[in-house]
Amino acid sequence: MKRPNLPYLEFKTIKGREYVYFRKGSFRHRLPDNPDTEEFSREYWAVRSGKRSTPSKTTWNALIESYYASPFFKSKAKGTQANYRRHCEAIREKNGSKDVRQFRRRHALDVRDALQENWSKANERIAVLSILCRHAVDLEWIERNPVVDIEKLKGGEYEAW
């Protein structure tokens with residue numbers, strides 16, 4: 001295999017096999033093994049132009065799946081699980097591939113304010129976000145829970161049956 005003279009390439013030999021990586025600063029992405037192929041060229045230029053990045057392991061999808069598998073979630077009553085799932089799936093639908101580590105308090109406030117017409121739903125969504133962020137803290141994905149101490153919305157009262 002002929003080594004191409006392209007910037008940001010790193011060649012590593014592990015257990016007798018050579019691997020090619022695109023490396024710029026702390027960013028590192030594995031490229032196809034044979035630099036003579038069109039696939040290698042396409043992948044190299046996609047990474048270099050910023051169109052391709054390594055998928056994050058700390059996405060909302062991964063967090064929600066991990067939470068569903070946790071004993072904390074499994075110990076909840078079926079109705080509570082269904083309610084949490086409803087909110088988790090709404091969060092996943094909007095933010096599934098986004099990185100949890102980029103989530104800030106202002107984002108939680110935006111979620112609450114977007115649902116302010118239905119104050120009960122807004123408060124439940126914030127509660128579920130807090131539970132998910134607490135789980136992310138337990139997994140050591142984030143240092144602290146950004147949803148802590150967000151004030152609940154006040155609304156009308158429920159009528160007695």
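Values below: every heavy atom of this structure, side chains too, minus hydrogens, waters and symmetry copies. Residue numbers count from 1 along this sequence.
No more than 12 heavy atoms of other residues, nucleotides or ligands sit less than 6.0 Å from atom CG of Asp149.
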### Query
Do Val20 and Phe40 pass the side-chain contact (heavy atoms from CB on, under 4.5 Å) test, and can you show the C-alpha distance, the side-chain angles, and the key distance before you say yes or no?
CA-CA 10 Å; Val20 185; Phe40 177 90; 3.7 Å; yes

### Task
I would like to know whether Arg17 and Asp33 meet side-chain contact (heavy atoms from CB on, under 4.5 Å); could you show each step before the answer?
CA-CA 10 Å; Arg17 185 164 178 175; Asp33 293 335; 2.6 Å; yes

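Closest heavy-atom contact between Ser97 and Thr59: O-CG2, 3.6 Å. Pairing each heavy atom of Val128 with each of Cys88, the nearest pair is CG1-SG, 3.8 Å. Of all heavy-atom pairs between Ile150 and Pro146, the closest is CD1-O, 4.3 Å. Smallest separation of non-hydrogen atoms from Leu63 and Leu132: CD2-O, 3.5 Å. Of all heavy-atom pairs spanning Ile64 and Glu89, the tightest one is CG2-OE2, 4.5 Å.
A distance of 6.5 Å separates CG in Leu9 from CG in Leu31, rounded to the nearest 0.5 Å. The OH atom of Tyr84 sits 6.0 Å away from atom OG1 of Thr80, with the distance rounded to the nearest 0.5 Å. Rounding to the nearest 0.5 Å gives a distance of 12.0 Å between CD of Glu151 and CD1 of Ile126. Between the CZ atom of Arg3 and the CD atom of Glu18 there is a distance of 4.0 Å, given to the nearest 0.5 Å. Atom OG in Ser41 sits 11.0 Å away from atom CG in Asp36 (nearest 0.5 Å). Taken from CD1 in Ile91 to NZ in Lys98, the straight-line distance is 12.5 Å, to the nearest 0.5 Å.
Relative orientation of the Phe73 and Tyr68 rings is tilted, given thresholds of 30° and 60° on the angle between their planes. A tilted orientation is assigned to the rings of Tyr19 and Tyr21, their planes being inclined by 30° to 60°. Using cut-offs of 30° and 60° on the angle between ring planes, the pair Phe22 and Tyr8 is tilted. The aromatic rings of Trp60 and Phe103 sit perpendicular, their planes meeting at an angle over 60°, well past the 30° parallel limit.
Formation of a donor-acceptor pair under 3.5 Å by the Arg125 side chain with backbone atoms of Ala108 is not found in this model. The closest donor-acceptor contact from the side chain of Asn145 to the backbone of Cys133 lies at 3.5 Å or more, if one exists at all. Judged by distance alone, the side chain of Ser70 and the main-chain N or O of Tyr67 form a donor-acceptor pair under 3.5 Å. Of the possible polar contacts, one joining the Arg104 side chain to the Arg101 backbone as a donor-acceptor pair under 3.5 Å is found. One N or O on the side chain of Gln81 and one on the backbone of Lys76 form a donor-acceptor pair closer than 3.5 Å.
One finds no salt bridge joining Lys121 and Glu124 here, because no Lys/Arg side-chain nitrogen approaches an Asp/Glu carboxylate oxygen to under 4.0 Å.
A continuous path of ILVMFWY side-chain contacts below 4.5 Å connects Val111 to Leu109, so both sit in one hydrophobic cluster. Hydrophobic cluster membership is shared by Phe72 and Val100, with clusters built from Ile, Leu, Val, Met, Phe, Trp and Tyr side chains linked at under 4.5 angstrom. If you chain together hydrophobic residues whose side chains sit under 4.5 Å apart, Phe27 and Phe11 fall into the same group. One hydrophobic cluster, built from ILVMFWY side chains closer than 4.5 Å, holds both Val137 and Trp141.
Side-chain atoms of Pro32 and Arg42, non-hydrogen and from C-beta on, never get closer than 4.5 Å to each other. Between Ile131 and His135, every side-chain heavy-atom pair lies at or beyond the 4.5 Å cut-off.
A side-chain N or O of His29 and one of Glu43 form a donor-acceptor pair less than 3.5 Å apart.
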